[in-house]
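A short worksheet on the structure shown next.
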There are 2 protein chains.
Amino acid sequence: MKTVSAVELDGIDRKMLRLLQAEGRMTNADLARQVALSESACLRRLKALEAAQVIGRYAAVINERAVGLPISVFVTVTLASQAEAALTAFEQAVAAVPEVMECYLMTGGSDYLLRLVVRDVDDLERLHAKALTRLPGVNRVSSSVAMRTVVKRAALPV
Amino acid sequence: MKTVSAVELDGIDRKMLRLLQAEGRMTNADLARQVALSESACLRRLKALEAAQVIGRYAAVINERAVGLPISVFVTVTLASQAEAALTAFEQAVAAVPEVMECYLMTGGSDYLLRLVVRDVDDLERLHAKALTRLPGVNRVSSSVAMRTVVKRAALPV
DNA sequence: GTTGAAATCGGTAATTT
DNA sequence: AAATTACCGATTTCAAC
């Protein structure tokens, strides 16, 4: 696996990133015009950003509501042990649950924060009982439902 | 503002969405081949998905570490009041903080959950003091730092 | 401080798809 | 029309003198 460390970016690079976060299918010609570079210079920079994994990929951004997954649930999970093996087992298992969109290991040692997407409360209940509490090493599981998304920023503040 | 409700999707639509979440710059010809449709039929479906806002946009996916924002912080905010006006004032103000990538109103009435991205702990301290605690109507602010991202799923389970 | 090699960066134009 | 490559010129960096 390739861990990517911070990269030197100038103002043009940052402008390219802002534009491409808003409109990922923009043509190179358009992009070049908006950053006031020639097409070849612009493309060279773009390829460098891709090669350095500053741009990891391009993605269609899907409306969660439109595909029937309107509810985000945040789940705090505490493990019984913080032994390396326990963490690894949990992490492998949690990554295999498709509804888990994000999972973070929080400071402190053995607490995880998850964001799930679910269809409805029945779906949440099913997941809670059938998947979450059965993950290896789990001590405590606590769920909070998001009633409404207030901010979902399209672009990083680059 | 256009609120999007759930849309009927068949297996081909879902396959298109999966493919485009992984590779948003795929050409229509490629996409058509992979879902075994003609290019015109494929493009018709794609345009329909875009028009229905199932696909909201296309975006370059940026590596947060590479652009120098390697730390995610989750912040719980409790407001002093749950009056409509207090919520609105808070939400407008929080949306104006660039480091706030996400903000959710949680069930229960006046608790918000935020995800911030920061450069380092100094940056977090600065934000906490200068931005978060000064947001209108804030009663209590509690931050938890993510040590590591375990899962960041590229695609919704469609 | 100047010189010169090498790297960096942009542009033009030709080629490919 | 768009992407890509080849080639050239300008500028910067840096080490040796």
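Atoms considered below: every heavy atom in the structure, side chains included; atoms not considered: hydrogens, waters and symmetry mates. Naming: A, B, ... by sequence-line order, numbering from 1 per chain. These numbers come from a predicted model, not from an experiment.
The side-chain contact (heavy atoms from CB on, under 4.5 Å) check on A:Glu125 picks up nothing, with sequence neighbours excluded. By the side-chain contact (heavy atoms from CB on, under 4.5 Å) test, A:Val121 is found to be paired with no residue, residues two or more places apart in sequence or in another chain being considered. With sequence neighbours excluded, no residue forms a side-chain hydrogen bond (donor to acceptor under 3.5 Å, both in side chains) with B:Thr76. Residues passing the side-chain contact (heavy atoms from CB on, under 4.5 Å) test with B:Ala93, sequence neighbours excluded: B:Leu135, B:Pro136. Under the ring-ring contact (aromatic ring centres under 6.0 Å, His included) criterion, A:Phe90 pairs with A:Tyr112, sequence neighbours left out. Not counting sequence neighbours, the partners of A:Arg126 by the salt bridge (charged side-chain N to carboxylate O under 4.0 Å, His left out) test are A:Glu99, A:Asp123. Every residue two or more places apart in sequence or in another chain was checked for a ring-ring contact (aromatic ring centres under 6.0 Å, His included) with A:Tyr58, and none qualifies. A search for side-chain contact (heavy atoms from CB on, under 4.5 Å) contacts involving B:Glu23 returns B:Met26, not counting sequence neighbours.
Residue pairs meeting the side chain to side chain donor-acceptor pair (under 3.5 Å) criterion with at least one partner in residues 136-146 of chain A, sequence neighbours excluded, do not occur; the list is empty.
Remark: A:Glu39 does not engage A:Arg45 in a salt bridge, criterion side-chain N to carboxylate O under 4.0 Å. Between B:Arg148 and A:Glu91 a salt bridge is recorded (basic side-chain N to carboxylate O distance below 4.0 Å).
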Provide a list of protein-nucleic acid N or O atom pairs under 3.5 angstrom, restricted to nucleotides 11-14 of chain D.
none

Can you name the atoms? Protein N/O to nucleotides 10-15 of chain C N/O, anything below 3.5 Å, with the distance.
unit_1, atom_1, unit_2, atom_2, d
C:dG10, OP1, A:Arg45, NE, 3.1
C:dG10, OP1, A:Arg45, NH2, 2.5
C:dG10, N7, A:Arg44, NH2, 2.8
C:dG11, OP2, A:Ser38, N, 2.7
C:dG11, OP2, A:Ser38, OG, 2.8
C:dG11, N7, A:Ser40, OG, 3.4
C:dG11, O6, A:Arg44, NH1, 3.3
C:dT12, O4, A:Ser40, OG, 2.9

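Rounded to whole Å, the distance from OH on A:Tyr58 to P on D:dA3 is 11 Å. Regarding A:Leu43, its CG atom lies at a distance of 14 Å from the C1' atom of C:dC9, rounded to whole Å. In this structure, A:Met16 atom CE and C:dC9 atom C1' are separated by 13 Å, rounded to whole Å. One can place CG of A:Leu9 at 12 Å from P of C:dC9, the figure rounded to the nearest angstrom. Look at CG on A:Leu46: it is 16 Å from C1' on D:dT5, rounded to the nearest Å.
Shown for residues 20-27 of chain A: no residue has heavy atoms falling under 4.0 angstrom of DNA chain C.
At D:dA3, none of the side-chain N or O atoms of A:Lys47 fall inside 4.0 Å of OP1 or OP2 (strictly under the cut-off).
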